[in-house]
Amino acid sequence: MVSYKELGLVNSREIFKQAMAGKYAIAAFNFNNMEQMQAIVSAAVECKSPVILQVSSGARKYANQTLLRYMAQGAVEYAKELGLNVPIVLHLDHGDTFELCKSCIEMGFSSVMIDGSHHSYEDNIALTKKVVDYAHQFDVTVEGELGVLAGVEDEVSAEHHTYTRPEEVEDFLARTGVDSLAISIGTSHGANKFKPEQCTRNAEGLLVPPPLRFDILEEIEKRIPGFPIVLHGASSVPQDKVAIINEYGGKLKDAIGIPEDQLRRAATSAVCKINIDSDGRLAMTAAVREVLALQPQEFDPRKYLGPARDSLRELYKHKIVDVLGSANTVK
Ligand code: G3H
Ligand code: 13P
Ligand code: ZN
């Protein structure tokens, strides 16, 4: 058993408290490899912002759980070397069993999500409470989820979303003891969040998706004032990245995300954590495709992973500064 505290990581409690008071949100970026980790940490340091390094069970399988743990430990040292010891949370994304959460806590994670949203309400409560009771012994924070997002949620896929029912949140919090709550208000996972026929066109002819259900968010805020809310599925699917991917041989169709102004608005509310994975995938893929298409003689991975890492860092900085608003909150 290794405690995250020995690794220099922090849990999410204090940074969420500050985010709530300062009306901003903390970015949770998924990582699976070294370049993504470097881009996340360097962006957070440059922006003087806390950050959440997020690991899915798919990432654990891909990269090896031990390596990921040491990479997160390295991330703390890397931030210091870059000049600022920004708070870094190592968080399990979409944990689906008690055993997975326990294993992550034993390996040094400072925060876990137990996603019981696909179970019945009572089973979700029982599973979440079991994880909370275990995690809190080690001062590890726990994110629960109420409501179901459409799209693929870490190997669990749902065709339609079920909005969070505000009337359930107080009972859920009281009976589980979770530290934060992921809700469903119209976001979804992946790069195809809406069908074009669900969207309208603006004056420039661009597709505008239906707005998020801020009425549900406000109702939830009223019932649990000051409690940290989490938004999953919050990629905006930048159309310039989609265009580069498709120009250089990609085949992304109807890729539509959540407009950034909607996320900006959410970040000023009780939403303290915003999850972004797909936008990073798009930025990386666009950069790799462009290099390989324009410089076909290159075969050194550094020549395409380097630009991919640079592009990711710029994307993350943009999110932190312009969308989440957490820049310059670390002195
Ligand atoms: O919500 C899911 C995240 O984007 C992680 O995706 O399971 O493919 O690693 P993944
Ligand atoms: P996106 O697919 O919109 O990036 O969402 C990521 C996420 O919610 C990870 O848990
Ligand atoms: Zn998610």
Side-chain angles (χ1 to χ4, degrees), residues 1-16 26 28-33 37 51-76 87-149 152-157 172-183 189 227-228 230 232 272-273 275 277:
M1 169 98 195
V2 56
S3 164
Y4 69 87
K5 294 178 185 179
E6 290 162 36
L7 310 183
L9 298 158
V10 300
N11 69 21
S12 64
R13 196 167 292 123
E14 192 54 35
I15 60 170
F16 283 175
I26 311 292
F29 298 127
N30 289 69
F31 89 110
N32 300 265
N33 63 35
M37 185 276 277
V51 76
I52 299 170
L53 281 174
Q54 196 156 259
V55 171
S56 68
S57 61
R60 276 183 117 217
K61 279 185 213 131
Y62 174 79
N64 179 281
Q65 58 187 45
T66 308
L67 282 179
L68 279 178
R69 197 283 259 170
Y70 279 100
M71 253 195 265
Q73 188 175 351
V76 175
I88 297 177
V89 176
L90 179 61
H91 176 78
L92 169 67
D93 193 23
H94 294 287
D96 56 350
T97 61
F98 170 77
E99 289 70 27
L100 173 60
C101 293
K102 180 171 181 279
S103 159
C104 286
I105 292 165
E106 286 170 354
M107 291 205 80
F109 281 57
S110 58
S111 174
V112 293
M113 174 188 194
I114 178 68
D115 181 357
S117 63
H118 297 273
H119 297 294
S120 70
Y121 181 66
E122 288 300 327
D123 288 353
N124 186 359
I125 288 182
L127 177 61
T128 306
K129 181 172 167 28
K130 189 172 174 192
V131 171
V132 170
D133 287 347
Y134 182 77
H136 281 182
Q137 295 176 69
F138 307 100
D139 203 19
V140 167
T141 40
V142 180
E143 175 185 325
E145 180 166 331
L146 270 180
V148 179
L149 274 70
V152 178
E153 279 199 66
D154 204 16
E155 294 163 11
V156 184
S157 73
F172 187 81
L173 263 47
R175 290 172 64 194
T176 60
V178 280
D179 301 282
S180 61
L181 181 69
I183 61 165
H189 290 98
F227 191 82
V230 177
H232 282 248
C272 290
K273 172 174 180 269
N275 287 8
D277 186 3

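Just so it is clear, the model here is predicted, and its values are computed rather than measured. Values below: all heavy atoms of this structure, side chains included; hydrogens, waters and symmetry mates excluded.
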Query raised in the report: Any sub-3.5 Å donor-acceptor pair from Asp123's side-chain atoms to Gly116's backbone N or O?
Result: no
Requested in this report: Establish, from distance only, whether the side-chain atoms of Asn275 and His232 form a donor-acceptor pair under 3.5 Å.
Outcome: yes
Query raised in the report: Which heavy atom in Ser110 sits nearest to a heavy atom in Asn11, and how many Å separate them?
Result: O-CB, 3.3 Å
Requested in this report: Apply side chain to side chain contact (heavy atoms under 4.5 Å, CB included) to Ala135 and list each qualifying residue two or more places apart in sequence or on a separate chain.
Outcome: Ile105, Val140, Val142
Report summary line: Taken to the nearest 0.5 Å, the spacing of Ser180 OG from His91 NE2 works out to 7.0 Å
**Report entry** Contacts of Ile125 that satisfy side chain to side chain contact (heavy atoms under 4.5 Å, CB included) - sequence neighbours left out
**Finding:** Tyr121, Asp171, Phe172, Arg175, Thr176
Report task. Apply side-chain contact (heavy atoms from CB on, under 4.5 Å) to the pair Arg60 and Leu100, showing each step before the final yes or no. Result -> CA-CA 10 Å; Arg60 276 183 117 217; Leu100 173 60; 3.1 Å; yes
Query raised in the report: side-chain hydrogen bond (donor to acceptor under 3.5 Å, both in side chains) with Asp277: which residues, sequence neighbours excluded?
Result: Arg281
Report task. Starting at CG of Asp93, measure out to SG of Cys104 and round the result to the nearest 0.5 Å. Result -> 10.5 Å
Query raised in the report: Is there a donor-acceptor contact under 3.5 Å linking the side chains of Gln65 and Arg69?
Result: no
Query raised in the report: In chain order, what residues pass the side chain to side chain contact (heavy atoms under 4.5 Å, CB included) check against Ala72, with sequence neighbours excluded?
Result: Leu53, Leu90
Requested in this report: Quick one: closest heavy-atom pair of Val89 and Ser111, and the distance?
Outcome: CG1-CB, 3.6 Å
Query - Minimum-distance pair of heavy atoms, taken over all atoms of Met37 and Met71 - result: CE-O, 3.7 Å
Query raised in the report: With side chains defined as the heavy atoms from C-beta onward, is the minimum distance between Val55 and Asn30 less than 4.5 Å?
Result: no
Report summary line: Residues at least two apart in sequence or cross-chain that pass ring-ring contact (aromatic ring centres under 6.0 Å, His included) with Phe138, listed by chain then number, are Tyr134
Requested in this report: Take Met107 and Met1, measure what side-chain contact (heavy atoms from CB on, under 4.5 Å) needs, and give me the verdict at the end.
Outcome: CA-CA 6 Å; Met107 291 205 80; Met1 169 98 195; over 6 Å; no
Requested in this report: Could you list the residues that satisfy ring-ring contact (aromatic ring centres under 6.0 Å, His included) with Phe29, not counting sequence neighbours?
Outcome: Tyr316
Report summary line: OG1 of Thr97 to NZ of Lys130, rounded to nearest 0.5 Å, is 9.5 Å
Query - Trace of the side-chain contact (heavy atoms from CB on, under 4.5 Å) decision for Ile183 with Val230 - result: CA-CA 6 Å; Ile183 61 165; Val230 177; over 6 Å; no
Report summary line: Residues passing the side-chain hydrogen bond (donor to acceptor under 3.5 Å, both in side chains) test with Asp133, sequence neighbours excluded, are Lys129
Query raised in the report: Ser3: what forms a side chain to side chain contact (heavy atoms under 4.5 Å, CB included) with it, not counting sequence neighbours?
Result: Lys5, Glu6
Query raised in the report: Do His118 and His94 have ring centroids that are under 6.0 Å from one another?
Result: no
**Report entry** side-chain hydrogen bond (donor to acceptor under 3.5 Å, both in side chains) partners of Glu14, counting only residues at least two apart
**Finding:** Gln18
Requested in this report: Looking only at non-hydrogen atoms, find the nearest pair between Val112 and Cys101 and report the distance.
Outcome: CG1-O, 4.1 Å
Requested in this report: Determine the minimum heavy-atom distance between Leu9 and Gly108, stating which atoms define it.
Outcome: CD1-O, 3.5 Å
**Report entry** Atom pair OG1 (Thr128) and CG (Leu181), whose distance is rounded to the nearest 0.5 Å
**Finding:** 9.5 Å
Query raised in the report: Among all residues two or more places apart in sequence or in another chain, which pass the side-chain hydrogen bond (donor to acceptor under 3.5 Å, both in side chains) test with Ser12?
Result: Thr141
Requested in this report: State, to 0.1 Å, how close Ala59 and Asn32 come at their nearest heavy-atom pair, and which atoms those are.
Outcome: CB-OD1, 3.1 Å
Report summary line: Rounding to 0.5 Å, atoms CZ (Phe109) and CD (Gln54) come to a distance of 10.5 Å
Query raised in the report: Between atom NE2 of His119 and atom CG of Asp96, what is the distance when rounded to the nearest 0.5 Å?
Result: 7.5 Å
Query raised in the report: Hey, are the side chains of Lys102 and Val131 touching, using non-hydrogen atoms and a 4.5 Å cut-off?
Result: no
Requested in this report: Show the numbers, then the answer: is there a side-chain contact (heavy atoms from CB on, under 4.5 Å) between Phe227 and Val178?
Outcome: CA-CA 10 Å; Phe227 191 82; Val178 280; 4.3 Å; yes
